[in-house]
Amino acid sequence: MPSRPVLPVLLLASLLSSTALAAGHAAPTTTGKTATTTNLPEVPFPVDAPAFLTGLLAARADDYATAARAYTDALKTDPNNTELLRQAFSQAALAGSPEAVELARRTARLPGGRTIITAFVLGNDAVLHERWQDAAEAYRSVPADALTRILAPLLQAWCLTGEKKYDDALRLLTSPPSTSSPASPFYLGHAGLIASLAGKNQLAGQFYERANTLLQGGDLLLVRARANWLWQSGHQTEARDLMRNAIRRDPVLSLAEPEMQATLDTAPVASAKDGVAHAYILVAYILRQQALHASDTNGMQQMNIASAMMLRMALTLDPSLAVARLMLSEIEDSMDHPDVAIATLRVVSPTDPLARVARFRLALLEDRAGDRNDARTILEGLAHDAPDLVLPIRALGTLLFETKDYRGAITAFDKAIANARTSHALDWSLLFERAAAYERTGNWPKAEADIQEARKMVPDEPIVLNFLGYGWVQRGQHLKDATQLLEHALELDPEDAAIRDSLGWAFIRSGDLKRGTDLLEHAAEETPLDPEVNYHLGVAYWNLGRHTEAIDQWNVALGLKPEPDDLARINTALDFAKTAGSEAKLSIQDVPATP
């Protein structure tokens, strides 16, 4: 059985670098109040109010917006219920609801009510109203743990910047405690941003260079800041090269290269409020990395919720931040909230430099949600806007393949492969995808040519060997070589049921019924809902004289919605069984090499 085509990994690459936190500096583990504040509320008492029950169910489904509205409505009927107040606030904060500020004030007055979330919500409200001392005081009330100790200097430095106390802010970020922190490269980057706002351009450049040395490539914010500094310093060519090299390391970000180049004359952080927002994004990234490496599902969930919270804090300060929306959408998608992930991206402004990246990510989400027409429209627009790139055209080809428009997929893959050859970035899996599309149209010679080229690139890739070996077996070509390829493929990936089925079918076609049947039975146990495997096993049973079992396998295959070519073979086998004698063998027909 041929392996499913390799679909490209089309997820947004991280927009922040973890180098400083990974190379010799372990990322901090969130403990204590940071982690526990995101736990879902328990039912504190029996409540009959419909609003409370709605909130409870919504909270358990992670529908924060609905839960916040429902709990707030329930609180109106019982305003002195402290547990209900806590629940209403926590859900409002998770949802980024405007009601969160007033609920935070009320919650903070309760015994033990001052938490990391109340501090952030109240601090952010002060930032939005430029009450910088109030903001600093609120942020100072954040319970201390490993993560908040990284965030605190950034928040305080930006509050000082809001008061135009630039020198104090810079001293805070470059003090010995800050320079010894694993986050010191990010502190230096933010120090450069503050120095730029203060008009200390030479000092800003020094900070950017030091941060870049420590980060070994830097994150997107640092790259944009350095490029802007170079541009303002008269080094426009160097600024463009810096941005180009950074962007082209990430195929998804390459979608935004023209727009990112056009922003070189604009500072990425224009105010202290923007700086606070980017501090939250940094912490969200750290939490997200912890979630991706969490050893248990509950830990991953808690880290993702906390990361999403940090991003919502950033969006409270600047709802237009596309970087925050891209990260938040990815997290919500990973937590199985596709509607929230889609809604988060739909509001990205079409004039934002990262708008194409957001549209691309939106297309993938729409595709997975079943809205393939919308996804196709978006990808066609991106392919038109960026005709020289591989990624959008390849994604379009993948979508067309999945919707069984194989000829349309071939056209898209043709263009993607041509672009990849031009940029010297041809990937074997792209050839594999076009080979699969050619094979589905019946054009085996072209499919074989693509897969042979892919094989030269990755001679020991099991799915490439399986595709080629099975293609030969189906067409009665090179059976000995095909069997050897498939045996090698199974050695490389002994758990792959598709390869086991292919090798079993090769043995059947070569007349080794015993070995073939053993392999096919094993494959059928692993993939009982695959019509092709069941058809193959039926043929093996019939030719072994186990006719009843063969007919059963073919009837099972018939009920599994086989592809048209498989359906024809199954029906042919069943028709044969109706008239064949007890000694008759089922003759296996070769698949034609061309339509």
Side-chain angles (χ1 to χ4, degrees), residues 1-3 439-440 442-445 447-448 451 465-491 494 496-595:
M1 180 177 68
S3 303
E439 195 273 338
R440 291 301 178 94
N443 194 334
W444 176 248
E448 184 179 18
I451 209 66
L465 300 177
N466 181 49
F467 187 100
L468 180 58
Y470 185 75
W472 282 342
V473 171
Q474 283 287 77
R475 290 157 185 83
Q477 300 173 347
H478 318 299
L479 282 178
K480 183 177 179 181
D481 290 341
T483 302
Q484 291 176 346
L485 280 182
L486 294 169
E487 287 177 325
H488 183 47
L490 194 59
E491 289 172 356
D496 193 308
I499 299 173
R500 187 171 287 107
D501 172 71
S502 298
L503 181 57
W505 192 233
F507 284 133
I508 296 297
R509 296 222 59 183
S510 301
D512 192 339
L513 294 178
K514 175 65 171 65
R515 292 176 70 187
T517 302
D518 289 344
L519 286 164
L520 292 172
E521 286 179 333
H522 193 172
E525 289 174 2
E526 294 178 313
T527 56
L529 301 181
D530 191 303
E532 195 170 12
V533 174
N534 283 282
Y535 165 73
H536 290 163
L537 183 55
V539 173
Y541 282 158
W542 182 274
N543 288 342
L544 281 170
R546 298 161 61 177
H547 296 168
T548 300
E549 293 171 273
I551 293 170
D552 288 344
Q553 291 298 140
W554 291 331
N555 280 318
V556 167
L558 199 61
L560 295 175
K561 298 181 180 179
E563 295 288 332
D565 52 347
D566 289 325
L567 177 62
R569 283 190 281 271
I570 295 164
N571 282 326
T572 297
L574 287 169
D575 289 341
F576 166 82
K578 293 175 183 177
T579 59
S582 60
E583 300 299 323
K585 303 293 185 183
L586 178 62
S587 177
I588 302 171
Q589 300 298 314
D590 292 335
V591 174
T594 55

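Position 1 is the first residue of the sequence, and the numbers go up from there. Source: prediction; values computed, not measured.
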Rounding to 0.5 Å, atoms OG (Ser502) and CG (Leu485) come to a distance of 11.0 Å
Leu537 side, atom CG; Trp505 side, atom CH2 - distance, nearest 0.5 Å
10.0 Å
Find out whether Phe507 and Glu487 are in side-chain contact, i.e. whether some heavy atom of one side chain is under 4.5 Å from a heavy atom of the other.
yes
Between Ala557 and Pro562, which heavy-atom pair has the shortest distance, and what is it?
O-CD, 3.6 Å
Shortest non-hydrogen contact from Val533 toward Thr527
CG2-OG1, 3.8 Å
Find the distance between CZ (Arg440) and CD (Glu563) and round it off to the nearest 0.5 Å.
5.0 Å
Closest contact, heavy atoms only, Ile451 versus Leu468:
CG2-CD1, 3.7 Å
CG on Asp481 to CD on Gln484, rounded to 0.5 Å:
5.5 Å
Which heavy atom of Ala573 sits nearest to which heavy atom of Leu586, and what is that distance?
CB-CD2, 4.2 Å
Salt bridge (charged side-chain N to carboxylate O under 4.0 Å, His left out): which pairs involve residues 536-558, sequence neighbours left out?
Glu521-Arg546, Arg546-Glu549
Take His547 and Tyr541 through the test side-chain contact (heavy atoms from CB on, under 4.5 Å) and record every step on the way to the result.
CA-CA 6 Å; His547 296 168; Tyr541 282 158; over 6 Å; no
Which of these, Ile588, Asp530, Asp501, Thr517, sits in a side-chain contact (heavy atoms from CB on, under 4.5 Å) with His536?
Asp501
Just grab all the side chain to side chain donor-acceptor pair (under 3.5 Å) pairs involving residues 569-579, residues at least two apart or on different chains.
Asp566-Arg569
Can you name the nearest heavy-atom pair linking Ala550 to Gly538, along with the distance?
CB-O, 3.1 Å
In Å, rounded to the nearest 0.5 Å, how long is the span from CG of Leu479 to CG of Leu486?
10.0 Å
Rounding to 0.5 Å, atoms CD1 (Ile570) and OH (Tyr535) come to a distance of 8.0 Å
What is the ring orientation for Trp542 with Phe576, classed by angle as parallel under 30°, tilted 30 to 60°, or perpendicular over 60°?
perpendicular
Does the side chain of Asn534 come within less than 4.5 Å of Leu560's, by heavy atoms?
yes
Where Gln477 and Ala482 come nearest, the two heavy atoms and their spacing:
O-CB, 4.4 Å
Quick one: side chains of residues 509-516, donor-acceptor pairs under 3.5 Å with protein atoms, not counting sequence neighbours, listed by atom name and distance.
unit_1: Arg509; atom_1: NH1; unit_2: Val473; atom_2: O; d: 2.9
unit_1: Arg509; atom_1: NH1; unit_2: Gln474; atom_2: O; d: 3.4
unit_1: Arg509; atom_1: NH1; unit_2: Asp590; atom_2: OD1; d: 2.9
unit_1: Arg509; atom_1: NH2; unit_2: Asp590; atom_2: OD1; d: 2.6
unit_1: Ser510; atom_1: OG; unit_2: Ala506; atom_2: O; d: 2.9
unit_1: Asp512; atom_1: OD1; unit_2: Arg515; atom_2: N; d: 3.3
unit_1: Lys514; atom_1: NZ; unit_2: Asp518; atom_2: OD2; d: 2.7

